[in-house]
Amino acid sequence: QVQLVESGGGLVQAGGSLRLSCAASGTIFSINAMGWYRQAPGKQRELVATITSGGSTNYADSVKGRFTISRDNAENTVSLQMNSLKPEDTAVYYCNAQVLAGFNSQNTYWGQGTQVTVSS
């Protein structure tokens, strides 16, 4: 069993910055990939950024140049630095991890989400 816990959400003015963090705990041998997704009211959950264990990153076009994803493999954590925030970034942000608990035992886990609100 694996749990992901997000932190760092809150209210910020447009143009401001926020840093989200996610910590994975439980039965973990390794984490292949981690990422951040977001969901605004009435909209589908969308990918924000992902990062592999090797450090390869992928970003949604809407956040490129503004957001930076990073991870600490030893600590099983992933962070999302969000700069130049816009009102359209307002959403619940979810942490995601592909966890290897044992041989042939990989699964995807989600955090419970953290609210990010950007005021204009």
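On a predicted model such as this, the values are computed, not experimentally measured, just so you know.
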- What pairs of residues pass the ring pair (Phe, Tyr, Trp, His ring centres under 6.0 Å) test when at least one of them lies in residues 51-95, not counting sequence neighbours? none

- Message: For a 4.5 angstrom cut-off between non-hydrogen side-chain atoms, does R66 reach M82?
- Response: no

Minimum heavy-atom separation for [X] and [Y], please, with both atom names.
X: W36; Y: I69; answer: CD1-CD1, 3.8 Å
X: M34; Y: R71; answer: N-NH1, 3.8 Å
X: S120; Y: P87; answer: CB-CG, 3.8 Å
X: Q39; Y: K43; answer: NE2-O, 3.1 Å
X: R38; Y: A91; answer: CB-CB, 3.8 Å

Examine [X] and [Y] and state if one hydrophobic cluster contains both, with Ile, Leu, Val, Met, Phe, Trp and Tyr joined whenever side-chain heavy atoms are less than 4.5 Å apart.
X: L18; Y: V92; answer: no
X: Y109; Y: I51; answer: yes
X: V78; Y: V2; answer: yes
X: L20; Y: Y37; answer: no

- Message: Run the side chain to side chain contact (heavy atoms under 4.5 Å, CB included) test on Q81 and S70 for me, step by step, so that the C-alpha distance in whole Å, both residues' side-chain angles and the decisive distance to 0.1 Å come before the verdict.
- Response: CA-CA 8 Å; Q81 179 65 46; S70 61; over 6 Å; no

To the nearest 0.5 angstrom, please state how far the [atom1] atom of [X] sits from the [atom2] atom of [Y].
X: Q13; Y: L11; atom1: CD; atom2: CG; result: 7.0 Å
X: T52; Y: N58; atom1: OG1; atom2: CG; result: 10.5 Å
X: L4; Y: I31; atom1: CG; atom2: CD1; result: 7.0 Å
X: I28; Y: N76; atom1: CD1; atom2: CG; result: 4.5 Å

- Query: Can any side-chain N or O of T90 pair as donor or acceptor with the backbone N or O of V118 at less than 3.5 Å?
  - Reply: yes

- Message: Please check this pair: side chain of E6 against backbone of Q112, looking for a donor-acceptor N/O pair closer than 3.5 Å.
- Response: yes

- Task: Just grab all the side-chain hydrogen bond (donor to acceptor under 3.5 Å, both in side chains) pairs involving residues 23-33, residues at least two apart or on different chains.
- Result: none

- Message: Under the disulfide (SG to SG under 2.5 Å) definition, can you give me all pairs with a residue in residues 31-120, not counting sequence neighbours?
- Response: C22-C95

- Query: Looking at D61 and K64, does any basic side-chain N land under 4.0 Å from a carboxylate oxygen?
  - Reply: yes

- For atom CD of Q3, decide whether the heavy atoms of other residues, nucleotides or ligands shown that lie under 6.0 angstrom number more than 12. no

